[in-house]
There are 2 protein chains.
Amino acid sequence: MKMKNITISDIAEKLNLSRSTIDRVINNRGSVAPETKRKILDYIEKINYKPNRAAKHLSKRTSCTIGISYYLPENFAAQIRKGINDVYNELQAYGLNLIIKEAGSAEEQEKQIKQMQTEIDGLIVAPWNPKNLTELINEFIEQDLPVVTFNRDAPESKRLFYFGCDYFKAGRISGEIIEKITSKPGKIAIISNEDDLVGKKRVEGFYSILKESSIHKIIGPYTIYDHFGISDSYTDKDIDYIKKIIEDNPDLKAFYVVNQSLYLVAKVVKEMGKKDQINVIGFDLFDKFIPFINEDVIEAVICQEPYSQGYFPVRILFEMLAEDREIEKSEYITRLEVVMRENLKYYNDYHYL
Amino acid sequence: MKMKNITISDIAEKLNLSRSTIDRVINNRGSVAPETKRKILDYIEKINYKPNRAAKHLSKRTSCTIGISYYLPENFAAQIRKGINDVYNELQAYGLNLIIKEAGSAEEQEKQIKQMQTEIDGLIVAPWNPKNLTELINEFIEQDLPVVTFNRDAPESKRLFYFGCDYFKAGRISGEIIEKITSKPGKIAIISNEDDLVGKKRVEGFYSILKESSIHKIIGPYTIYDHFGISDSYTDKDIDYIKKIIEDNPDLKAFYVVNQSLYLVAKVVKEMGKKDQINVIGFDLFDKFIPFINEDVIEAVICQEPYSQGYFPVRILFEMLAEDREIEKSEYITRLEVVMRENLKYYNDYHYL
DNA sequence: TTGTAAGCGTTATCAC
DNA sequence: GTGATAACGCTTACAA
C-alpha cells in the first residue's frame, strides 16, 4: 500500500543537482545551462518520471474561477447542471470556482457575460445568438481570457474549442430513422420555426438524407413556435394547425419536428388516433415527451449528451488553466443518441458519479 | 487566482484546539471528548469546511493496486482498454496502480485471479463463467479484498457492485427496433449459440417484446458458434447454413443475431442481394461490422458503453479504496446505445479525455 | 483526551 | 546558473 514513486528529489540526488534546477527544466522557467538541461531531460525520459499531481496542486495553491453562461430550455439546463455539479464536486478541492449565470434572453446573456469579465479566468458559453456574441468573445480572447463554447458554437469567433453536437448530422440520423421505420410511400411533414438556428441545421441534415433516394415526399416546413416548452404558451390555433396538416394529407406518414412543439404534435397525433399511421420523430428529452415515447406515439428522439455538455467543457478548461493541458481539438462533437421506448430510462437522468 | 480556503489549522486556531484533534473528529479516529467533538462538528458544519483533496492524497502517500481480469473479444477489449488507460492516466498520480490480466480461457482467468490475490487491494473482474468464479469472489470478500464485476455479473456472489449492461433489456430494445423497421408480416430468424449466457438473455428479452403482439413469426434459434470473431474460424458450412435459412424461408424479414456471427450473416445477406428484403440486427461494434452498417446491410447494432466499462469501475473502486467513497448502488447499468449508419462514427472509438 | 512535529512532492522566493 | 528553504494542508507517530 505504500507509494514508491520517483520524485524530483530522487532526480536531483541522482544527478547531483538541486531540486530547483530540476524544477526549472521540467517547467522550463528560469535559465539552465543547456548541458545540464539535456542531462536532466534525458534522465527524466529514461526513468519515465511523472510529477505528482497532488503535490503540484497543493503547492501552487492557485484557484481558478470559470464563468458559465447559457440560455437554454429548462429540461435541458437541468441535465447540464448535473454535469456541472459533478465536475465541480470533483475539482473544487483542486481550486475550481464557478460562476454560473443562467440568462432569460439573448440580451441578458450578453450583459451577464460582460459583468463576469473581471471576475473570471475563463468563460464557458452557450451563445444563444452566436453572431452577436462573436465580437465579445474575441474581445475576451484578446485579453487572454480563454473562451470556449458549448451546445451552440460561435464558429467565426476565436473561441478555443466547441463542445457540443453537430446539428446537421443530427438531422441526418433522424432522416435515416424515418426512412427505416416508414416503409410505405407517403408524405413527411417538417415542423420548425424559421428563427431557430439549430432547427434550421437539423432540417438541412434531414433533407440531405431524404433527397438521396426517398419514396417519401417532404411537405412544409410548417411553423410552430416553441417557447422553451412552456406548454401553456401553445394555443388552440397551433393544435388546429397540426390537425389541419393531418386532415389535408391523408397519406401523411411522419412528422419530423425540430423544436419542442414535438410534444404538441404527439398529443394531436395521439388524440386523432393516428399513432399507428404516423411516425413522430424529434430531438432531445423533455419531461413532456416521455409519456409519448413510452406509448410509441413518438417513435424516437435524438439526444446529444447533455450531461457531458455540462461536465467536460469545465473539466477540459480547468485542466488547461490549472495544469497546462494542451487543447488538441477545436471541436469536441458529442454523440448522437437514439432514444426509444426501451432504452429511454437510460437517457432520462443517468450518470455514474 | 489565489486560493483562500478554510483549513484544519484555521479551525484549530478558531476553536483553541490542536490540528490533530480536529483531524480526529473529521476522520473519526482516536478518541475525543464528546463535548469538544460536538463543538468541532458544529463549527465545521457552520463554515462548510471541505478538506483539501490534494493535501490528503499527498499526505497519505498510500498507493493502491487494483487487479483487472477479463476474457473478452478483442475489439471489445480494445475499447475497455481505452477506458482503463484514461482512468489510469488520471489517477496514477494519486497512487493508483493497475495489474491487468487478459485471459485466453475461463480456466486461465481463474488461475490469473488466484495469482493476483496477494498483490492487489481490490479486484475488478468480468467473469467469463460467473458460476465458477462465485466461490473465488466470495473468498476474496471474506478476506476483505473488495471485488467488483463488470461486463458480466456474478449476481450470486458477494461482489460490491456490477458495472455493465442489462442483457435482457438489450434484447428488448433490439426487439423494439426490429418491430419498428419491419413493417411487413413475415419471419424473423434468431441466430445464437446455446452455451452463450449473454446471448441467452438477449434472446429472452427479444421474445418478451415480440410475444406481446407481433405480426412476425420467430424461427430458430439457429446455432452458429462465434469464436470471438476470428473470421477464419467460420466454415463454408456456416455460410451454407445461413443460405439455407434464407432459401427455405422466402418470407424471412429479419435476422436477429446475438453473437459475433452477425458479420457472417450480413455477408451472406449482402451476397445474396437480399439486403433490402431482410433486416439484420445485432450487438456491439466490431471492426468487421462497420462496412455492413455503412452499407445498410446491418440496420443497427446495440452497444453498451464499452469505454465506460473500462473507466468507471476502476474509478469508483479507487475512490472507495483511497478516499472512502461510499458505494451507493449494487448495480451500475450502462446505457443501451442504438448505433446505425449515421451515428456510427460517434460510437466507433470516441472519447473526450 | 489532547498536542507536537515531521513529512508527503511540489512551487516560489531568496540568496549566492 | 544554481541552490537553500519555506510554504501548501493534511496524516501519523509519539509525547504529554
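The sequence lines fix the lettering, A, B, ..., with proteins before strands; numbering per chain opens at 1. Everything numeric here is computed off the predicted structure, so don't read it as measured data.
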Chemist: Under 6.0 Å between the ring centres of A:F161 and A:Y332?
Modeler: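 Yes, ring centres under 6.0 Å apart.
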Chemist: Which nucleotide sits closest to the side chain of B:L17: C:dG3, C:dT1, D:dG3?
Modeler: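 Looking only at heavy atoms from C-beta outward on B:L17, the closest nucleotide is C:dG3.
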Chemist: Rounded to the Å, how far apart are A:I6 CD1 and C:dC8 C1'?
Modeler: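 To the nearest whole Å, that distance equals 16 Å.
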Chemist: When rounded to the nearest 0.5 angstrom, what is the spacing between NZ in A:K329 and CG in A:L160?
Modeler: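 If I round to the nearest 0.5 Å, the distance is 15.0 Å.
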Chemist: Measure from NZ on B:K50 to C1' on D:dG9 and round the result to the nearest Å.
Modeler: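 Checked: the NZ to C1' distance equals 17 Å.
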Chemist: Test your reading of the model: is there a side-chain donor-acceptor pair from A:D121 to the backbone of A:I66, 3.5 Å cut-off?
Modeler: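 Side chain of A:D121 to backbone of A:I66: no pair is present.
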Chemist: Count the heavy atoms belonging to other residues, nucleotides or ligands that lie under 6.0 Å from NZ of A:K111, then report whether that count exceeds 12.
Modeler: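 Not more than 12 within 6.0 Å, no.
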Chemist: Starting from the 5' end of DNA chain D, give me the residue, B:S9 or A:S31, whose nearest nucleotide shows up first.
Modeler: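 Whichever sits nearer the 5' end wins; that is A:S31.
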Chemist: Taking only side-chain nitrogens and oxygens of A:Y94, does any of them come within less than 4.0 Å of OP1 or OP2 of D:dG9?
Modeler: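 So the side-chain polar atoms of A:Y94 never come under 4.0 Å of the phosphate oxygens OP1 or OP2 of D:dG9.
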Chemist: In this structure, how many angstroms lie between the C1' atom of C:dG3 and the CD atom of B:E13, rounded?
Modeler: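 The distance from CD of B:E13 to C1' of C:dG3 comes to 15 Å, rounded to the nearest Å.
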Chemist: Of the nucleotides D:dT2, C:dT10, D:dC10, which one has an atom closest to the side chain of A:N52?
Modeler: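 Closest of the options to the side chain of A:N52: C:dT10.
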Chemist: Please give, in whole Å, the distance from C:dG3 C1' to B:I11 CD1?
Modeler: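 Going from CD1 in B:I11 over to C1' in C:dG3 covers 17 Å.
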Chemist: Quick check: closest heavy atoms across A:Y70 and A:A126, and the distance to 0.1 Å?
Modeler: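 Where A:Y70 meets A:A126 most closely, the heavy atoms are CB-CB, 3.8 Å.
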Chemist: Can you confirm whether more than 12 heavy atoms, excluding those of A:E45, are under 6.0 Å from its CD atom?
Modeler: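 Count not over threshold, so no.
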Chemist: Go through it in stages, so that I can follow the logic: the residues are B:Y162 and B:F150, the test is ring-ring contact (aromatic ring centres under 6.0 Å, His included), and I'd like the CA-CA distance, side-chain angles, deciding distance and then a yes or no.
Modeler: CA-CA 5 Å; B:Y162 164 64; B:F150 77 106; 8.8 Å; no
Chemist: Tell me which of B:S18 and A:P51 sits closer to the 5' end of DNA chain C, going by the nucleotide each one is nearest to.
Modeler: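 Its nearest nucleotide lies further toward 5', so the answer is B:S18.
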Chemist: Fit a plane to each ring of B:Y94 and A:Y94, take the angle between them on a 0 to 90° scale, and name the class: parallel (under 30°), tilted (30 to 60°) or perpendicular (over 60°).
Modeler: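 Rings of B:Y94 and A:Y94: parallel, as their planes differ by under 30°.
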Chemist: Taking only N and O in the side chain of A:Y49, is any of them less than 4.0 Å away from OP1 or OP2 of C:dT10?
Modeler: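 So the side chain of A:Y49 is within the cut-off, an N or O lying under 4.0 Å from OP1 or OP2 of C:dT10.
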Chemist: Measure from CG on A:L15 to P on D:dT2 and round the result to the nearest Å.
Modeler: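 So the CG-P distance, A:L15 to D:dT2, works out to 12 Å.
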Chemist: So does B:T36 get a side-chain nitrogen or oxygen closer than 4.0 Å to the phosphate oxygens (OP1/OP2) of C:dT2?
Modeler: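 So the side-chain polar atoms of B:T36 do come within 4.0 Å of the phosphate oxygens OP1 or OP2 of C:dT2, strictly under.
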Chemist: Between B:R38 and B:D42, is the salt bridge (charged side-chain N to carboxylate O under 4.0 Å, His left out) condition met? List the steps.
Modeler: CA-CA 6 Å; B:R38 259 268 57 79; B:D42 283 351; 2.9 Å; yes
Chemist: Protein within reach of the bases, or only the backbone? For nucleotides 11-16 of chain C, mark each nucleotide 5' to 3' as B, S or -, using heavy atoms under 4.0 Å.
Modeler: BS----
Chemist: In whole Å, I'd like the distance from the CZ atom of B:R53 to the C1' atom of D:dC8.
Modeler: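 After rounding, the reported distance stands at 17 Å.
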Chemist: Of all the base pairs, Watson-Crick or G-U under 3.5 Å, which form stems of three or more consecutive pairs involving DNA chain C?
Modeler: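 DNA chain C forms these stems: C:1-16 with D:1-16.
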Chemist: In this structure, how many angstroms lie between the P atom of C:dG7 and the CG atom of B:L58, rounded?
Modeler: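 Nearest whole value for this atom pair: 14 Å.
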Chemist: Going by an N to O cut-off under 4.0 Å, is there a salt bridge joining B:E102 and B:R81?
Modeler: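 The answer is yes: the pair qualifies as a salt bridge.
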Chemist: Output the rounded distance in Å from CG (B:D324) to P (D:dC10).
Modeler: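 After rounding, the gap between these two atoms is 15 Å.
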